[in-house]
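Mind looking over this structure? Questions follow.
Only a predicted model underlies this, so the values are computations on that prediction, with no experimental measurement involved.
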Amino acid sequence: MKLAARAGRIVPSPTLSIAATAKAMVAQGIDIIDFASGEPDWDTPESVKAAAEAAIRSGFTKYTASAGIEELKRAIAEKLAVEQGLRYDTSQILVSCGAKHSLYNLAEALLEAGDEVIIPAPFWVSYRDQVLLNDATPVLLHTSEADGYAVSHTGLEACVTPRTKAMIVNSPGNPTGATYDRATLEGIADVALRHDLVIISDEIYEKILYDGARHWSIATLGPDVAARTVVVNGVSKAYAMTGWRIGYAAGPKDLITAMANIQSQSTSNPSSISQKAAVAALQGGGAFTQRMVVEFDRRRRLMVERLNKMPGVSCRMPSGAFYAFPNIAGVFTRRHQRGPITSAAELAAYLLTEARVAVVPGEPFGSSSHLRLSYATGIEVIARGLDRMEAALRQLT
Ligand code: PMP
Ligand code: GLU
């Protein structure tokens with residue numbers, strides 16, 4: 001069968017497929033330690049589950065308004081006003097089936113053949129493929145580990161061409177865990193204003209911050225910046241609700257309306273039950289998130305400290321999200337029985353077979369000299385997995 005060319009341009013999400021492989025191996029009884037899955041290991045808060053149960057019991061189980069129920073859109077508007085000082089009318093908010101879906105609607109509404117989108121690298125895997133799926137061209141802006149993966153004004157300016165339509169800002173970022181300070185965001189906003197770019201601000205990890213790091217939404221830098229920014233967020237990470245599939249976008253009305261029209265012709269509304277659950281999460285989930293972040297912080301320190309003691313490995317302390325992104329270039333001088341290790345993908349394969357530890361290699365994030373390890377798993381599991389990883393690395397000669 002001859003498929004559409006766009007289907008051939010993309011691969012399955014590597015983060016999802018590697019995590020699925022690890023889970024399938026565990027289900028077969030294989031003792032795998034999973035550092036691949038990018039989702040909180042915590043259970044969804046009870047108050048959120050209760051709201052979902054109440055929705056089911058009261059028959060709130062039909063189609064809703066395609067763009068989301070007003071109650072949830074008001075809760076989102078309230079959150080953005082109280083926490084960020086951003087004012088949106090509910091007509092400027094679209095609720096979708098996860099932030100990934102919000103981003104996808106946005107790419108469909110905004111992009112066409114010839115358009116370029118600047119993506120700071122390392123980047124979360126789906127940004128590139130969603131741009132490709134919509135016939136546009138991803139332009140990678142390589143950032144340096146030594147500079148904490150910050151986007152420099154000159155580096156960004158050098159990526160802009162007459163075809164640049166948009167750029168992605170993801171702070172705190174997946175996979176690096178880096179957060180942008182205000183000065184970095186001001187530099188990005190300046191370039192966006194001068195070149196008439198749309199800013200896609202993926203703020204899904206905004207509440208998962210450490211060491212006093214602060215989240216700034218780039219949309220807060222002024223009305224002219226807000227007018228060209230789409231803030232994307234959701235409940236997956238902050239409230240351990242990855243399976244409920246609720247994300248949202250807030251931005252300029254014409255763009256949000258176009259996204260809502262696309263949604264109404266594709267998925268219709270996100271689950272009615274999950275929408276009610278998301279209202280409860282946004283209105284009462286703050287204490288849960290704080291407890292979870294305290295625990296993530298303990299795990300983060302343990303993981304980064306241990307990684308830095310391994311031969312050939314060095315790891316920055318991330319200031320947000322729940323991933324360590326160790327540099328493993330020092331391992332490339334070493335070999336195992338079957339030959340040398342020359343890439344992150346080879347090291348990840350070696351760790352899976354030798355140590356039975358699942359990690360995501362850096363290549364799909366735009367780096368062949370890093371691995372991504374999620375520390376959203378129990379601290380004893382982390383300690384055991386790192387013991388195994390260290391032993392496997394010490395076997396290399
Ligand atoms: N953005 C980033 C950076 C992510 O890591 C994720 C998690 N996969 C998402 C967006 C999408 O999250 P969800 O669709 O679960 O809301
Ligand atoms: N955010 C997670 C990750 O990066 C979930 C998987 C995905 O959607 O990519 O692993």
Side-chain angles (χ1 to χ4, degrees), residues 73 76-94 99 102-103 105-107 109-111 115-120 123-124 127 130-131 136 138-139 141 143 148-173 178-207 209 213-234 247-260 319-320:
K73 290 205 268 181
I76 292 164
E78 172 86 5
K79 177 250 180 258
L80 290 165
V82 170
E83 296 181 6
Q84 267 93 32
L86 292 168
R87 305 263 157 214
Y88 294 99
D89 185 76
T90 53
S91 63
Q92 294 178 278
I93 293 171
L94 171 65
S102 306
L103 289 162
N105 283 330
L106 174 54
L110 193 64
L111 302 177
D115 289 343
E116 294 176 355
V117 179
I118 299 174
I119 306 177
F123 54 89
W124 176 51
Y127 298 142
Q130 290 198 354
V131 169
V139 174
L141 162 54
T143 63
Y149 300 108
V151 167
S152 79
H153 190 267
T154 39
L156 176 56
E157 189 82 55
C159 288
V160 177
T161 76
R163 292 168 171 244
T164 311
K165 187 79 168 269
M167 88 157 284
I168 290 179
V169 174
N170 176 215
S171 174
T179 48
Y180 293 169
D181 60 18
R182 217 179 144 87
T184 301
L185 294 173
E186 281 167 357
I188 294 171
D190 175 63
V191 174
L193 285 169
R194 277 187 300 104
H195 296 283
D196 192 21
L197 310 184
V198 174
I199 302 169
I200 301 168
S201 183
D202 179 350
E203 305 184 8
I204 192 100
Y205 294 102
E206 66 160 330
K207 291 183 186 295
L209 291 168
R214 207 186 141 175
H215 173 69
W216 300 97
S217 172
I218 193 164
T220 59
L221 295 184
D224 46 353
V225 183
R228 61 181 58 253
T229 299
V230 182
V231 173
V232 174
N233 206 330
Y248 58 87
K253 191 169 173 181
D254 53 346
L255 182 49
I256 294 291
T257 303
M259 292 163 62
S319 47

> T161 side chain to R163 main-chain N or O, any donor-acceptor pair under 3.5 Å?
Replying inline: yes
>> Return the OG to CG distance between S152 and L141, rounded to the nearest 0.5 Å.
In response: 7.0 Å
>> If I compare all heavy atoms of A226 with all of A219, which pair ends up nearest, and what's the gap?
In response: CB-O, 3.5 Å
> Given side chains that start at C-beta, do those of L221 and R182 come closer than 4.5 Å, heavy atoms only?
Replying inline: yes
>> Checking T184 against D181: is there a side-chain donor and acceptor pair closer than 3.5 Å?
In response: yes
>> Is it true that Q84 and E206 share a donor-acceptor pair across their side chains at a distance under 3.5 Å?
In response: yes
> Would you say T164 and C159 make side-chain contact, with heavy atoms under 4.5 Å?
Replying inline: no
> With a 4.5 Å limit on heavy-atom distance, are the side chains of E83 and K207 in contact?
Replying inline: yes
> If every non-hydrogen atom of V131 is compared with every non-hydrogen atom of P138, which pair is closest and at what distance?
Replying inline: CG1-N, 3.6 Å
> To the nearest 0.5 Å, how far apart are OH in Y88 and CG in L80?
Replying inline: 6.5 Å
> Stepwise, does the side-chain contact (heavy atoms from CB on, under 4.5 Å) test hold for V191 with H153?
Replying inline: CA-CA 7 Å; V191 174; H153 190 267; 3.6 Å; yes
>> The criterion is side chain to side chain donor-acceptor pair (under 3.5 Å); which residues satisfy it with T179, sequence neighbours excluded?
In response: S319
> Does any non-hydrogen side-chain atom of I204 lie less than 4.5 Å from one of V232?
Replying inline: no
> Are the side chain of N170 and the backbone N or O of D202 linked by a donor-acceptor pair below 3.5 Å?
Replying inline: yes
> Any side-chain heavy-atom pair from K73 and S91 closer than 4.5 angstrom?
Replying inline: no
> With no hydrogens and no angle check, is any side-chain donor or acceptor of R228 less than 3.5 Å from a backbone partner on L197?
Replying inline: yes
> When rounded to the nearest 0.5 angstrom, what is the spacing between NE2 in H195 and CG in L156?
Replying inline: 8.0 Å
> By salt bridge (charged side-chain N to carboxylate O under 4.0 Å, His left out), which residues pair with R194, not counting sequence neighbours?
Replying inline: E157, D190
>> If I compare all heavy atoms of Y248 with all of G234, which pair ends up nearest, and what's the gap?
In response: CE2-N, 3.8 Å
> In Å and rounded to the nearest 0.5 Å, what is the CD1 to CD1 distance from I188 to I168?
Replying inline: 11.5 Å
> Hey, what do you get for CD (Q92) to CD1 (I76), rounding to the nearest 0.5 Å?
Replying inline: 13.0 Å
> Nearest heavy-atom pair of A178 and G148: which atoms, and what distance?
Replying inline: CB-O, 3.5 Å
> Between A227 and P252, which heavy-atom pair has the shortest distance, and what is it?
Replying inline: O-CG, 3.2 Å
> Could you state the interatomic distance from OG1 (T229) to CD1 (I218), rounded to the nearest 0.5 Å?
Replying inline: 6.0 Å
> Who are the ring pair (Phe, Tyr, Trp, His ring centres under 6.0 Å) partners of Y180, not counting sequence neighbours?
Replying inline: none
> For the residue pair K165 and L111, what are the closest heavy atoms and their distance?
Replying inline: CG-CD2, 4.1 Å
> Less than 4.5 Å apart, any side-chain heavy atom of I256 and any of I93?
Replying inline: no
